[in-house]
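Heads up, the thing below is written out as structure tokens.
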Amino acid sequence: MSRAALLVLADGRFPAGGHAHSGGAEAAVRAGRVTDAASLEAFCRGRLHTSGVVAACVAAAAALGADPGDLDRAVDARTPSPALRAAGRRLGRQLMRAARATWPSPELDAVASLFPKGAHQPVVLGAAARAAGLGALDAAYCSLYEGVSGPATAVVRLLGLDPFDATGVLARLADDMDRVARDAVETAERVVSDGVGVLPARSAPLLEIGAEAHAARAVRLFAS
Amino acid sequence: MHLDHHLESPAAVSADARRPDGSRRALRIGLGGPVGSGKTATVAALCRALREELSLAVVTNDIYTREDAEFLLREAVLPPERITAVETGACPHTAIRDDISANLEAVEDLEDEVGPLDLVLVESGGDNLTATFSRGLVDAQVFVIDVAGGDDIPRKGGPGVATADLLIVNKTDLAPYVGSDLGRMAADAKTVRGELPVVLQSLRSEDGVREVADWVRERIAAWTA
Amino acid sequence: MDRVTTAPGGVRASARVLARCDGRGGTVLPVLEGEGPLAVRRTRGSGAEARVMLVGAMSGPLGGDHFTVGVHAERGARLRVGSAAATLALPGQDEAGARYDVRLTVDDDAELCWVPEQLISGGGSDLHVTTSVDLAAGARLLLREEQVLGRAGEEPGRLTSRLTVRIDGSCVLDQELACGPGAPGGWDGPAGLAGHRAVGQLVVVRPQFGDEPPAARVFEEGAAVMPLGGSAALVTAVAPDGLRLRRLLDAALATLD
């Protein structure tokens, strides 16, 4: 396992399209629910323990080689918002492109052929981690970190929040991320033996509703 | 980057010159430049000038959602299915340079859905003088500035002004009103750009985009040769 | 995932309803059984539809209790199940949590409306609800779930509610909401409930949605209509209280008719 490869995949500059998405933060800012570092932290923590947990488990399971089709359907069932499903597939397709260029592998090519319009992002993330020689825990960490760093970066742009405060938020989420990542690997191992039914299904009502409100808006800075 | 490299699976990886089925893909030309310099108007004029002879499509990169795409749709320069907007998350230069994945998807989808295409124009969101396109996204790039932005812009240079394959100094009809010296702009541009071409244009005049359209035609001829 | 251990001293109660088409355009109920806190009564139906009320004979579930409800609408049957009053989750004698499991099965050409009154998560309670729905490809469903966090002015208990919907064997919705003290961090933050004290969902399944899914739509930023895979649509809503939640869900439902 290469620790350096993990840094490459986890780097916010990895060219996989994430910069155009706020992870629901723009909708929360527009609705007045995120206004400062404290509310950003609560937002990120909520995201981490809901859609973040699901994504981390899926990414970890994909890294262990669980069936990408099953995982992708499981993500669909856990993502009622059509706007979020579309964004997840778009990001998955973009990540697939970057991953295939970075770590060419027949396995990645096979997943790409299976989903010409994109598999859900965590499914691709897990497959990319696998192609990069990384393990399930690495995939879970990448997924979790990206799930909170995206909103934090977006809020810096949206609110003019002090970037040091935003980074402090990420640092304060580290313990939660460690715990969730470890649990995600355990769940992922059970997915391999028992199927995708064991995946968690935690949801955050305002992430779903906010995503739809955002998609309906004519003027916005971020795609989701 | 992977110019002769061809993958079996769907969607090429980057700037591959051939599509997955082996056919040559469309030439991609990027148009960048500061806000309000006339990128969208130039794209619209190019579409009108070239749409009878070439199969064309446009990708816009708006800062705030779909403004530029909406303008092109309203002006009906192309059928709506030939215009796609990419959202850039407050960072238009990232989407055309550092992380081009969304734009690559947009051009490939256009080729799949309305192709075969000869030419895709990729318009960047209005940005600053440092914004340039990745060679992984476009084959040639045009940088658009205007006389009202100050006649010292060519002298100040910057990657867009200095290295673009074509520099357009737009809105020359306004020069007398804003006190810009066209001669000085042309001379400064020559100094920073050497042999790279510069076009001074006013889209208010009859056939104002002709020189730029001719430059595009030459590029197409070279691409398909 | 959380597992709830119910105490040996808690109440175990179950209710079962089986609805069958009587062959003359009506619906009969060959099975209609309940016990203790889960009494069931047939009430006057309308047209082809049979109506059943869950009548809470005592308050509950308390900590340690385990309630199970099973409803099956067979081919051609029309059944509506409501409840006489809100369900109130309360703490039990010890630390044990309570469970409430609902299993709904709807066959082809059958229709089930599962529209109980709200579930109120009383202070100090710890309730784990699972609602599992299995539908045939040609089944119709209206399911309403409303959760109110605490009685007026009260801190809520802990509530975990998982809702799973399968159509023709494939899962189109799997969602779990966890809230209240001890729930994973951020549940009441800007991504979760943001201070709202009522949250609810409607699942509407109609075979014609398969060809013509309803458009996604947002209501006052507090509710969204979301087409799911297959022939299902979900409405998710949050509101300051149960009354306003019901209004929001009714307004959203009206757009699906």
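Per chain, numbering begins at 1; letters A, B, ... match sequence-line order.
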Using non-hydrogen atoms only, which part of A:Ser81 is less than 4.5 Å away from chain C: side chain, backbone, both, or neither? both
Who wins among A:Glu41, A:Glu208, A:Arg47, A:Arg73 for the most heavy-atom pairs under 4.5 Å with chain C? A:Glu208
Under a 4.5 Å cutoff for heavy-atom pairs, which residue among A:Ala77, A:Ser51, A:Gly46, A:Ser39 has the most contacts with chain C? A:Ala77
Smallest separation among heavy atoms of [X] and [Y], with atom names:
{"X": "C:Pro184", "Y": "A:His49", "value": "CB-CB, 3.6 Å"}
{"X": "C:Ala237", "Y": "A:Ile209", "value": "CA-CD1, 4.1 Å"}
{"X": "C:Ala216", "Y": "A:Glu212", "value": "CB-OE1, 3.3 Å"}
{"X": "A:Pro82", "Y": "C:Pro227", "value": "CG-CD, 3.7 Å"}
{"X": "C:Asp174", "Y": "A:Arg78", "value": "OD2-NH2, 3.0 Å"}
{"X": "C:Met226", "Y": "A:Pro80", "value": "CB-O, 3.5 Å"}

Within 6.0 Å of [atom1] in [X], more than 12 heavy atoms from elsewhere:
{"X": "C:Glu155", "atom1": "CD", "answer": "no"}
{"X": "C:Gln208", "atom1": "CD", "answer": "yes"}
{"X": "C:Arg166", "atom1": "CZ", "answer": "yes"}
{"X": "A:Tyr145", "atom1": "OH", "answer": "no"}
{"X": "A:Arg13", "atom1": "CZ", "answer": "no"}

Counting C-beta onward and ignoring hydrogens, is there a side-chain heavy-atom pair between [X] and [Y] closer than 4.5 Å?
{"X": "A:Val54", "Y": "C:Gln175", "answer": "no"}
{"X": "A:Ser203", "Y": "C:Glu176", "answer": "no"}
{"X": "A:Leu206", "Y": "C:Val238", "answer": "yes"}

Donor-acceptor pair, side chain of C:Thr236 and main chain of A:Pro205, under 3.5 angstrom: no
Does C:Gly186 offer a backbone N or O that forms a donor-acceptor pair with the side chain of A:Arg45 under 3.5 Å? no
So which part of C:Leu234 gets closer than 4.5 Å to some heavy atom of chain A, the side chain, the backbone, both or neither? side chain
For C:Val172, which atoms come within 4.5 Å of any heavy atom of chain A: side chain, backbone, both, or neither? backbone
To the nearest 0.5 Å, what is the distance between OG1 on A:Thr79 and CG on C:Leu228? 10.5 Å
From the list C:Ala183, C:Cys171, C:Gly192, C:Ser170, the residue making the most non-hydrogen contacts under 4.5 Å with chain A is C:Gly192
Chain A: which of C:Cys179, C:Gly189, C:Ala224 shares the most heavy-atom pairs with it under 4.5 Å? C:Ala224
